[in-house]
Every structure is written in C-alpha cells, then in structure tokens.
Q: 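Take this structure, written in structure tokens, and hold onto it; I'll ask about it next.
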Amino acid sequence: MAGRGGGSRFEELDHAETPWGVVSLRRRHDRVTDREVFEVKLDDDFLMTSQFTATEEELARIALRALTGDALRVLVGGLGLGYTAATALADPRVAHVTVVEAVERVVEWHRRDLFPDTRGLAADPRTTLVHDDFFALVRSRAHDAEYDAVLVDIDHAPDRLLRPDHGDFYSPGGLAAVAALLDPAGVLALWSDEPPDAAVLESMTTAFADATSHVVTFDNAATGGTSSCTVYLATGPTRRR
C-alpha cells in the first residue's frame with residue numbers, strides 16, 4: 001500500500017537493490033496497538049504497511065461485489081504484503097488469482113512465508129505469483145487469459161506515480177488495454193491514496209461503460225482518528241481486442 005508508514009524502532013529483515021532504488025523490509029513493535037508491524041520502503045518512500053490493511057482488502061471486496069457467477073479469475077497488479085490477493089482468495093467464487101509484482105524480492109518474501117497474516121499465499125494452488133512489470137504486460141496486450149477482475153495497487157495515485165513510465169496506464173489508451181484483458185462483464189478496480197478525482201473517472205469511462213469512486217475510511221491508531229483512501233471501480237469494458 002503506497003504512501004503510509006511510521007514508527008521509529010524497527011528491525012530491518014531484508015533489503016535489495018532494484019532498478020528503482022533499494023527496497024527494504026522492516027518489522028517494528030507498535031506500542032499503541034501492541035502488535036508487530038511489517039513495513040516496506042523503496043529508498044525513503046513508504047510503500048506498504050501491515051498497520052493499515054482495510055483499503056487493500058476493500059479493493060478486492062469492492063471489485064468482487066460487482067461480479068456475478070463463480071469460477072472467477074482475478075489479476076492483481078502489485079503483490080505488496082498480500083492482503084488484496086488473500087482477500088480475493090477468501091471469496092469462495094474465486095477460482096484463481098494471478099499476481100504480478102515488479103520487485104522479485106517481494107515475491108521471495110512471500111515464498112518464504114514471512115508475513116503471518118498472509119502466510120500460505122504463495123503455496124495456495126489457486127495462486128500464481130509472477131515476477132514482471134504489470135504495466136508492461138498490460139501495454140503489450142500479449143495475454144491469452146481473460147479475467148473477471150483486474151485489481152491495481154501500485155502507484156500512490158493516478159497522478160502520483162512511483163515511476164513516470166506508469167503514467168500511460170491511466171490514459172484512455174492504457175485503460176483500453178486493460179479492458180481488453182477482461183471478460184465482457186468484468187471489472188477494473190484501482191487504489192488511490194488521494195480523494196476521488198473526477199478526471200480519473202472521466203478517463204475510465206473512455207474504455208468502460210461506467211466508473212464510480214468509493215471512499216474507504218479506517219481507524220488510524222497512529223493519529224487517534226481516521227484516514228481514508230479511494231477505490232475506483234470501472235465496469236462494462238467497451239473496448240475489446
């Protein structure tokens with residue numbers, strides 16, 4: 001999950017050089033919640049934390065609530081700590097989840113079962129973990145599979161990118177490429193750390209019949225209040241291969 005983190009006492013469990021900087025995994029004991037918290041950083045930028053997981057989970061739930069039928073196939077862009085994929089697998093209608101993650105070390109952490117909350121995710125026979133660039137895969141349109149849902153939690157927001165070359169994904173052309181991966185009744189769900197943006201919804205409706213924004217609010221123990229993020233949901237892909 002992009003954009004959140006905190007705490008000063010921690011143990012670094014692992015780190016690795018990547019083409020985009022140093023990715024590191026650390027664990028700390030949160031005195032407010034009295035629990036162990038895992039955090040991932042890219043250089044000095046917080047990418048994800050197990051302190052707040054409601055939004056990753058709701059990304060999957062919001063998308064799956066919009067679907068009917070069973071034997072659902074889900075494609076997840078961004079593995080992170082695994083909460084989105086694990087939540088999708090918790091739905092009995094889901095037959096398979098493919099997760100594409102650009103940082104190989106993140107995939108290795110799951111294969112080593114380092115995270116108690118999502119332990120067993122990599123070994124689940126319904127899961128395929130793929131080390132690759134999600135955006136490049138979508139851009140290439142070199143896919144034989146057709147999905148019922150595509151869930152994306154990589155950038156901080158459509159206008160706050162981890163890398164500049166992600167930007168075309170959020171354009172009408174990029175969204176049309178996503179629509180081409182989906183079943184005619186399929187859905188696209190995007191996570192954002194920003195409030196709803198009308199421009200994002202407008203862009204989504206160039207490739208989908210409808211787009212809505214959902215504000216997810218959660219308790220924030222670090223501030224003693226609440227925080228929120230946005231899940232964008234696009235339904236009815238209108239551009240096919």
Q: Work out which heavy atom in Val231 is nearest to a heavy atom in Val216; give both atom names and the distance.
A: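 Heavy atoms only, the tightest pair is CG2-CG2, 4.1 Å.
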Q: With Arg93, which residues qualify under side-chain hydrogen bond (donor to acceptor under 3.5 Å, both in side chains), at least two apart?
A: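 Result, side-chain hydrogen bond (donor to acceptor under 3.5 Å, both in side chains) vs Arg93: Asp91.
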Q: What closest approach, in Å, do Ser213 and Thr230 show between heavy atoms, and which atom pair accounts for it?
A: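 Looking at all heavy atoms of both residues, the shortest contact is CB-CG2, 4.0 Å.
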Q: Show, in sequence, the C-alpha distance, side-chain angles and deciding distance for Leu81 and Val40, and conclude whether the side-chain contact (heavy atoms from CB on, under 4.5 Å) test is met.
A: CA-CA 8 Å; Leu81 297 176; Val40 179; 4.0 Å; yes
Q: Which heavy-atom pair separates Thr238 from Ala209 by the least distance, and what is that distance?
A: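 Answer, listing the atom of Thr238 first, then Ala209: CG2-N, 3.5 Å.
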Q: For Ala63 and Leu151, work out which heavy atoms get closest and say how close.
A: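 Residues Ala63 and Leu151, closest heavy atoms: CB-CD2, 3.3 Å.
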Q: Would you check, one step at a time, whether the test side-chain contact (heavy atoms from CB on, under 4.5 Å) holds for Arg160 with Glu194?
A: CA-CA 9 Å; Arg160 288 176 55 210; Glu194 299 288 346; 2.7 Å; yes
Q: State the OG1-CG distance between Thr205 and Asp210, to the nearest 0.5 angstrom.
A: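 One finds 8.5 Å between OG1 of Thr205 and CG of Asp210.
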Q: Is there a side-chain contact between Thr55 and Trp191, using heavy atoms and a 4.5 Å cut-off?
A: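 The answer is yes, as the side chains (C-beta and beyond) meet within the 4.5 Å cut-off.
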Q: Do Tyr232 and Leu201 have side chains that get closer than 4.5 Å, going by heavy atoms?
A: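 In contact.
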Q: Measure the OG-CG distance between Ser24 and Asp14 for me, rounded to the nearest 0.5 Å.
A: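 Here the interatomic distance stands at 9.0 Å.
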Q: Should Arg111 and Glu104 count as an ion pair when the cut-off is N to O under 4.0 Å?
A: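 Here Arg111 does not pair with Glu104 in a salt bridge, since their nearest N and O are not under 4.0 Å apart.
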Q: Quick one about Asp183 and Tyr147 (side-chain donor to acceptor, distance below 3.5 Å, no hydrogens or angles considered), yes or no?
A: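 Not at all, the side chains of Tyr147 and Asp183 share no donor-acceptor pair under 3.5 Å.
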Q: With no hydrogens and no angle check, just 3.5 Å: does a side-chain donor-acceptor pair link Asp155 and Tyr170?
A: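 Looking only at side-chain atoms, Tyr170 and Asp155 do form a donor-acceptor pair, the distance falling under 3.5 Å.
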Q: Are Thr87 and Glu56 side-chain neighbours, meaning at least one heavy-atom pair lies under 4.5 Å?
A: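 The answer is no, as the side chains (C-beta and beyond) never meet within the 4.5 Å cut-off.
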Q: Can you name the nearest heavy-atom pair linking His166 to Ile154, along with the distance?
A: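 Smallest interatomic distance, heavy atoms only, reads CE1-CG2, 4.0 Å.
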Q: Does any part of the side chain of Asp197, heavy atoms only, come nearer than 4.5 Å to the side chain of Pro158, both counted from C-beta?
A: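 Answer no - side chains too far apart.
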Q: With heavy-atom distances below 4.5 Å as the criterion, would you say the side chains of Val103 and Glu101 are in contact?
A: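 Yes - at least one pair of side-chain heavy atoms lies under 4.5 Å apart.
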Q: Carefully, step by step, assess Arg105 and Glu108 under the rule salt bridge (charged side-chain N to carboxylate O under 4.0 Å, His left out).
A: CA-CA 5 Å; Arg105 190 60 63 93; Glu108 291 177 7; 3.2 Å; yes
Q: Would you mind reporting whether Val97 and Leu121 have side-chain heavy atoms less than 4.5 Å apart?
A: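 Result no, sub-4.5 Å side-chain heavy-atom pair not found.
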Q: Assess whether a salt bridge exists between Arg73 and Asp148, defined as any Lys/Arg side-chain N lying under 4.0 Å from an Asp/Glu carboxylate O.
A: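 Yes, charged N to carboxylate O under 4.0 Å.
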Q: Would you sort out whether Arg26 and Glu12 count as a salt bridge (charged side-chain N to carboxylate O under 4.0 Å, His left out), showing the intermediate values?
A: CA-CA 4 Å; Arg26 67 187 204 176; Glu12 184 172 88; over 6 Å; no
Q: To the nearest 0.5 Å, what is the distance between CG on Leu59 and SG on Cys229?
A: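 Answer for the CG-SG pair, Leu59 versus Cys229, is 8.5 Å.
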Q: Hydrogens and angles aside, do His96 and Thr128 bring a side-chain donor and acceptor to less than 3.5 Å of each other?
A: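 Looking only at side-chain atoms, Thr128 and His96 do form a donor-acceptor pair, the distance falling under 3.5 Å.
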Q: Rounded to the nearest 0.5 Å, what separates atom OG in Ser50 from atom CZ in Arg35?
A: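 Interatomic distance, Ser50 OG to Arg35 CZ, rounded to 0.5 Å: 5.0 Å.
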Q: Answer yes or no: is there an ion pair linking Arg119 with Asp124, defined by an N-O contact shorter than 4.0 Å?
A: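 Salt bridge absent between Arg119 and Asp124.
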Q: Phe52 vs Phe218 aromatic rings, parallel, tilted or perpendicular, using cut-offs 30° and 60°?
A: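 Rings of Phe52 and Phe218: tilted, 30 to 60°.
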Q: For a side-chain contact (heavy atoms from CB on, under 4.5 Å) check, start with the C-alpha distance between Glu57 and Thr84, then their side-chain angles and the critical distance, and finish with the verdict.
A: CA-CA 5 Å; Glu57 295 162 354; Thr84 297; over 6 Å; no
Q: Nearest 0.5 angstrom please: Glu11 CD to His29 NE2, how far?
A: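 Going from the CD atom of Glu11 to the NE2 atom of His29 covers 13.5 Å.
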Q: Within this structure, what is the NE2-CG distance for the pair His15 and Asp43, rounded to the nearest 0.5 Å?
A: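 Reported to 0.5 Å precision, the distance equals 11.5 Å.
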Q: Can you tell if the side chain of Leu233 reaches within under 4.5 Å of the side chain of Leu188, non-hydrogen atoms only?
A: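 Leu233 does not reach Leu188 side chain to side chain.
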Q: Find out if a path of hydrophobic residues (ILVMFWY) with successive side-chain heavy-atom gaps under 4.5 Å connects Val37 to Val23.
A: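 Each belongs to a different hydrophobic cluster.
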Q: With side-chain contact (heavy atoms from CB on, under 4.5 Å) as the test, would you mind laying out the steps for Ser203 and Leu175 before giving the verdict?
A: CA-CA 8 Å; Ser203 186; Leu175 293 167; 3.4 Å; yes
Q: Between His156 and Ser192 (side chain of the first, backbone of the second, donor and acceptor by atom type, cut-off under 3.5 Å), is there such a pair?
A: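 Between the backbone of Ser192 and the side chain of His156 there is no qualifying donor-acceptor contact (under 3.5 Å).
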Q: Linking I/L/V/M/F/W/Y whenever any side-chain heavy atoms sit under 4.5 Å apart, do Val22 and Leu162 land together?
A: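 No, Val22 and Leu162 fall in different hydrophobic clusters.
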Q: State, to 0.1 Å, how close Asp113 and Gly120 come at their nearest heavy-atom pair, and which atoms those are.
A: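 Smallest heavy-atom distance, with atoms named: OD1-N, 2.9 Å.
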Q: Report yes if the side chains of Phe134 and Leu75 come closer than 4.5 Å at any heavy-atom pair, otherwise no.
A: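 Counting from C-beta outward, Phe134 and Leu75 do come under 4.5 Å.
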Q: Less than 4.0 angstrom from a charged side-chain N to a carboxylate O is my criterion; do Arg28 and Glu36 meet it?
A: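 Salt bridge: no.
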Q: Would you say Leu42 and Leu25 are hydrophobically clustered, going by side-chain heavy atoms of ILVMFWY under 4.5 Å?
A: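 Per the 4.5 Å side-chain linkage, Leu42 and Leu25 are co-clustered.
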